[in-house]
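First the structure, in the form of structure tokens, and then the observations on it.
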Amino acid sequence: MEDARLSAVFAALADPTRRDIITRLATADATVGELAAPYDVSVQAVSKHVKVLEEAGLVSRTKDAQRRPVHLEAEVLDLMTGWLERYRRRAEERHTRIDALLAELQQGTDDHREGAAS
């Protein structure tokens, strides 16, 4: 289940317009009309982007009198951060082991040269 949600989140954020919408919602909630204002696309197109983000769980909409502000669900970003951090740590550990092995090999080569020179 978590894999499906993670895939939906990454797929939703593959689009630069949707990433920009997330960036803007990180500072404040906004209506679809407000989100659409800076783009050279229709409000309907931005509404479709918001719907994709909503289906991925990245945003939610509430009703506030006449407005339906879009709200960033920031805790979903923690899911991505956790996944990325897990693989970053694994890659870092692998690089550390390779560095240690290369240092050992270099030390062995240096010891061999010193032994041959004396």
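In this structure, the separation between CG on Asp15 and CG on Asp20 is 10.0 Å, given to the nearest 0.5 Å. Distance NE2/His49 to CD1/Ile22: 12.0 Å, rounded to 0.5 Å. Here the CZ atom belonging to Arg61 is positioned 14.0 Å from the NE2 atom belonging to His71, to the nearest 0.5 angstrom. Taken from CD in Glu55 to CG in Leu53, the straight-line distance is 9.5 Å, to the nearest 0.5 Å. The distance from the CG atom of Leu79 to the CD atom of Glu2 is 5.0 Å, given to the nearest 0.5 Å. If you take CG on Leu35 and CD1 on Ile21, they are separated by 5.5 Å, rounding to the nearest 0.5 Å.
Heavy-atom minimum distance, Leu72 versus Ala26: CD2-CA, 3.8 Å. Here the closest heavy-atom approach between residue Met80 and residue Leu6 is recorded as CA-CD1, 4.0 Å. The shortest heavy-atom contact between Asp29 and Pro69 is CB-CB, 4.2 Å. The shortest non-hydrogen separation linking Gly57 to Val76 is O-CG2, 3.0 Å. Across Ala12 and Arg18, no two heavy atoms sit closer than the pair O-NE, 2.6 Å.
Looking only at distances, no side-chain donor or acceptor of Arg68 sits under 3.5 Å from a matching main-chain atom of Thr31. In this structure a side-chain-to-backbone donor-acceptor pair under 3.5 Å is missing from His112 to Gly108.
Using a cutoff of 4.0 Å between basic side-chain nitrogens and carboxylate oxygens, Arg90 and Glu85 are not scored as salt-bridged.
Cluster membership for Leu77 and Tyr87, using ILVMFWY side-chain heavy atoms within less than 4.5 angstrom, is shared. Note on Val43 and Val52: separate hydrophobic clusters, where clusters join Ile, Leu, Val, Met, Phe, Trp and Tyr whose side-chain heavy atoms are under 4.5 Å apart, directly or indirectly.
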### Task
Test Arg88 against Glu93 for salt bridge (Lys or Arg N to Asp or Glu O under 4.0 Å), laying out the working first.
CA-CA 9 Å; Arg88 187 195 64 74; Glu93 288 168 3; over 6 Å; no
### Query
Would Glu92 and Arg97 count as a side chain to side chain contact (heavy atoms under 4.5 Å, CB included) if you check the C-alpha gap in whole Å, the side-chain angles of each, and the deciding distance to 0.1 Å?
CA-CA 9 Å; Glu92 192 174 284; Arg97 287 194 308 269; over 6 Å; no
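Side-chain contact between Gln107 and Asp111 is present, with at least one heavy-atom pair separated by less than 4.5 Å. Residues Glu73 and Leu58 are not in side-chain contact: their nearest non-hydrogen atoms beyond the backbone lie 4.5 Å or more apart.
Taking the ring pair (Phe, Tyr, Trp, His ring centres under 6.0 Å) definition, one finds that Phe10 meets it with Trp83, sequence neighbours left out.
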